[in-house]
Amino acid sequence: MPGRAAALAYALLTFATLLWAGNAVASKVAVGLVSPQALVALRWSIALTAIAVLAGRETVRHRATLRAHWPMILLMGGFGYTGFNALTYEAGALTSAVNLALIEGTIPVLVLVLNFLVRGVPVRSGQLLGAAITLGGVVLVVSRGDPARLAALDLNRGDLLAALACLFYAGYTVALPARPAVPALAFFAAMAVAAWATSLPLLLGEWASGRILWPGAAGWGLIAFTALGPSLAAQLAYMRGVATLGPNRAGLFNNLVPVFGALLAVGLVGESFGLVEAAALALVLGGIAVAEVFGRKAA
């Protein structure tokens, strides 16, 4: 049933963004526990091992189709997975969590723009309105209702890296509907291979520059979470959500990440949750609802 499929997509996309909020927290926690490129390479090593156990036979069964689409898979895995995470972790050591959250709020807008430029998908006024409302929620949660915090932002190299990471992930989202016609697990297994392979040169570069930091016990715990949660479960959920709703509608859910990040900070760091955070959550959810009304009519 279309309505039931959409409801499942909403749940999966919300679940994915919750895990990615945990990944955003992990990018800050990782500083001093494991170096950025070691974290990327090791998380994909674990994720690849897990998916090989789950879908090894299915992937082999569809190897001919996957091989025919290998250039596309390599680009999507290299930019959407490795590139996004590598740049985000590097940015996490150079800029503030506020800046990161604000910049990641541009992903839904970038998806709308790229989908129009690449596929000619029209952007309806209601979808733009929904995107603006969700972005307003992001601004509210990261500023905590104080405009002076936004005025005091100091952009640096980390912000440029974060912006490039967002462009990579928006491109990956737009490319998802064109993925080969194989089961999701088999496709993700191929993507995990691409992500792992493209992470190795970055790891070698970090080692050669003397910046590598291998994890201890706490670092390995962090890596295990990012591998099985944000890398494996969240990507599969997001893939299914995009397949059901399309890039424009699914992309707006990315603005739940900073809001969920604020909620996680309440539980993990003991920060307060008040009217500002509640209003931000209402804005993001309301913006998604507005965009969905127009997106479903267009569909």
Side-chain angles (χ1 to χ4, degrees), residues 12 15-16 19-20 22-24 26-27 29-30 33-90 92 165 168-169 171-173 175-176 179-207 212-243:
L12 289 173
F15 174 65
L19 288 175
W20 286 334
N23 186 60
S27 70
V29 175
L33 295 179
V34 57
S35 53
Q37 305 314 321
L39 174 54
V40 174
L42 291 173
R43 73 181 275 185
W44 281 110
S45 298
I46 295 174
L48 181 58
T49 302
I51 198 66
V53 173
L54 292 172
R57 291 182 180 180
E58 189 171 44
T59 305
V60 171
R61 203 159 46 239
H62 294 277
R63 64 185 179 279
T65 303
L66 293 170
R67 190 183 301 117
H69 291 82
W70 183 244
M72 175 188 181
I73 291 170
L74 188 62
L75 286 173
M76 289 178 68
F79 285 97
Y81 289 0
T82 300
F84 176 78
N85 285 300
L87 290 172
T88 299
Y89 291 149
E90 289 284 356
F168 284 174
Y169 204 79
Y172 161 77
T173 300
L176 264 180
R179 71 180 181 86
V182 298
L185 281 176
F187 176 68
F188 181 76
M191 292 280 287
V193 171
W196 174 78
T198 53
S199 72
L200 294 181
L202 299 177
L203 177 65
L204 290 174
E206 189 174 69
W207 173 75
I212 197 164
L213 173 63
W214 295 108
W220 276 112
L222 190 73
I223 291 166
F225 163 72
T226 60
L228 301 179
S231 290
L232 182 58
Q235 296 294 354
L236 287 171
Y238 188 71
M239 199 181 298
R240 176 66 180 273
V242 173

K.L.:
How many angstroms lie between CZ in Phe188 and CD in Gln235, if you round to the nearest 0.5 Å?
P.N.:
6.0 Å
K.L.:
As an exercise, state the distance from CD1 of Ile51 to CG of Leu185, rounded to the nearest 0.5 Å.
P.N.:
5.0 Å
K.L.:
For residues Ala197 and Pro201, report the shortest heavy-atom separation together with the two atoms involved.
P.N.:
O-CD, 3.2 Å
K.L.:
Could you tell me which non-hydrogen atom of Gly219 sits nearest to which non-hydrogen atom of Leu33, and how far apart they are?
P.N.:
CA-CB, 4.3 Å
K.L.:
Any non-hydrogen side-chain atom of Phe84 less than 4.5 Å from a side-chain atom of Val40?
P.N.:
no
K.L.:
Indicate the atoms forming the closest heavy-atom contact of Ala38 with Leu203, along with that distance.
P.N.:
CA-CD1, 3.6 Å
K.L.:
Ring centroids only, cut at 6.0 angstrom: are Tyr169 and Trp20 within range, meaning strictly under it?
P.N.:
yes
K.L.:
Rounded to the nearest 0.5 Å, how far does CG of Leu66 lie from CZ of Arg61?
P.N.:
11.5 Å
K.L.:
Work out which heavy atom in Tyr172 is nearest to a heavy atom in Gly80; give both atom names and the distance.
P.N.:
CB-CA, 3.7 Å
K.L.:
So do the side chains of Trp220 and Leu42 get within less than 4.5 Å of each other, counting heavy atoms only?
P.N.:
yes
K.L.:
Just one of Glu90, Gln37, Arg43 clears the side-chain hydrogen bond (donor to acceptor under 3.5 Å, both in side chains) bar with Asn85, so which one?
P.N.:
Arg43
K.L.:
Taking side chain as C-beta onward, heavy atoms only, is Leu176 less than 4.5 Å from Met76?
P.N.:
yes
K.L.:
So do the side chains of Tyr81 and Thr198 get within less than 4.5 Å of each other, counting heavy atoms only?
P.N.:
no
K.L.:
Would you indicate whether the side-chain heavy atoms of Tyr89 and Ser35 approach each other to under 4.5 Å?
P.N.:
no
K.L.:
Which atom names give the shortest non-hydrogen contact between Ala234 and Ala16, and what distance separates them?
P.N.:
O-CB, 3.5 Å
K.L.:
Rounded to the nearest 0.5 Å, how far does CZ of Arg240 lie from CG of Leu236?
P.N.:
11.0 Å
K.L.:
Give a yes-or-no answer on whether the side chains of Thr173 and Tyr238 include a donor-acceptor pair shorter than 3.5 Å.
P.N.:
yes
K.L.:
Measuring from Phe168:CZ to Phe79:CZ, what's the distance to the nearest 0.5 Å?
P.N.:
5.0 Å
K.L.:
First locate atom CE of Met191, then atom OG1 of Thr82, and finally report the distance between them rounded to the nearest 0.5 Å.
P.N.:
9.0 Å
K.L.:
How close do Leu19 and Ala233 get, heavy atom to heavy atom, and via which atoms?
P.N.:
CD1-CB, 3.9 Å
K.L.:
Measuring only between side-chain heavy atoms, which start at C-beta, is Leu232 closer than 4.5 Å to Ile46?
P.N.:
no
K.L.:
Within the 4.5 Å heavy-atom criterion, are Trp70 and Val193 side-chain neighbours or not?
P.N.:
yes
